[in-house]
K.L.:
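The structure follows.
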Amino acid sequence: MHREYAYPARLCWEEGTLADADAVRVAGKTLNFRFATPGVRTVAVYSTDGRKVAEGRVGDAGNLNLSHLQNGVYLYQVQGGKSGKVMLK
């Protein structure tokens, strides 16, 4: 079974379906989002020292290209309070 997890750990995306929660998946240097409720949200990405390094708007399902960032750990904040951390490789 194919599973991918993102932080916080309760978020999961299995076989491309949404399991009653918002989901965040990292694919290379792209953050893919799926939200259980409709709407457009602003997503901000921060380095571990607190600098905003990327920002974008995503709908119910969308993505944010982070190819301009170096490999490492980053924090993301979705408008409305959801947040987590991701590792880019």
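In what follows, residues are counted from 1 in the order of the sequence shown. Values below: every heavy atom of this structure, side chains too, minus hydrogens, waters and symmetry copies.
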K.L.:
Might you point out which heavy atoms bring Asp22 and Ala36 nearest each other, and give the distance in Å?
P.N.:
OD1-N, 2.8 Å

K.L.:
Find out whether Arg25 and Thr30 are in side-chain contact, i.e. whether some heavy atom of one side chain is under 4.5 Å from a heavy atom of the other.
P.N.:
no

K.L.:
Tell me the closest heavy-atom pair linking Asp60 and Pro38, and the distance in Å.
P.N.:
OD1-CA, 3.0 Å

K.L.:
Closest approach of Gly28 and Leu88, non-hydrogen atoms and distance?
P.N.:
O-CD2, 4.0 Å

K.L.:
If every non-hydrogen atom of Met87 is compared with every non-hydrogen atom of Val26, which pair is closest and at what distance?
P.N.:
O-CG1, 4.0 Å

K.L.:
Hey, is the main chain of Ala44 close enough, under 3.5 Å, to the side chain of Lys52 for a donor-acceptor pair?
P.N.:
no

K.L.:
Looking only at heavy atoms, which two atoms of Lys85 and Leu75 are closest? And how far apart?
P.N.:
CB-CD2, 3.6 Å

K.L.:
Testing the basics here: between Tyr74 and Leu69, what is the closest heavy-atom pair and its distance to 0.1 Å?
P.N.:
OH-CB, 3.7 Å

K.L.:
Mind running side-chain contact (heavy atoms from CB on, under 4.5 Å) on Thr42 and Gln77 for me, showing each step along the way?
P.N.:
CA-CA 8 Å; Thr42 300; Gln77 174 77 43; over 6 Å; no

K.L.:
Kindly determine whether Tyr76 and Leu64 satisfy side-chain contact (heavy atoms from CB on, under 4.5 Å), including the steps that lead there.
P.N.:
CA-CA 11 Å; Tyr76 68 87; Leu64 188 58; over 6 Å; no

K.L.:
May I ask you to establish whether Arg41 and Phe33 are in a cation-pi arrangement, using a distance under 6.0 Å from NZ or CZ to the six-membered ring centre and at most 45° from the ring axis?
P.N.:
no

K.L.:
Do you reckon Val78 sits in the same ILVMFWY cluster as Val24, going by side-chain contacts under 4.5 Å, direct or chained?
P.N.:
yes

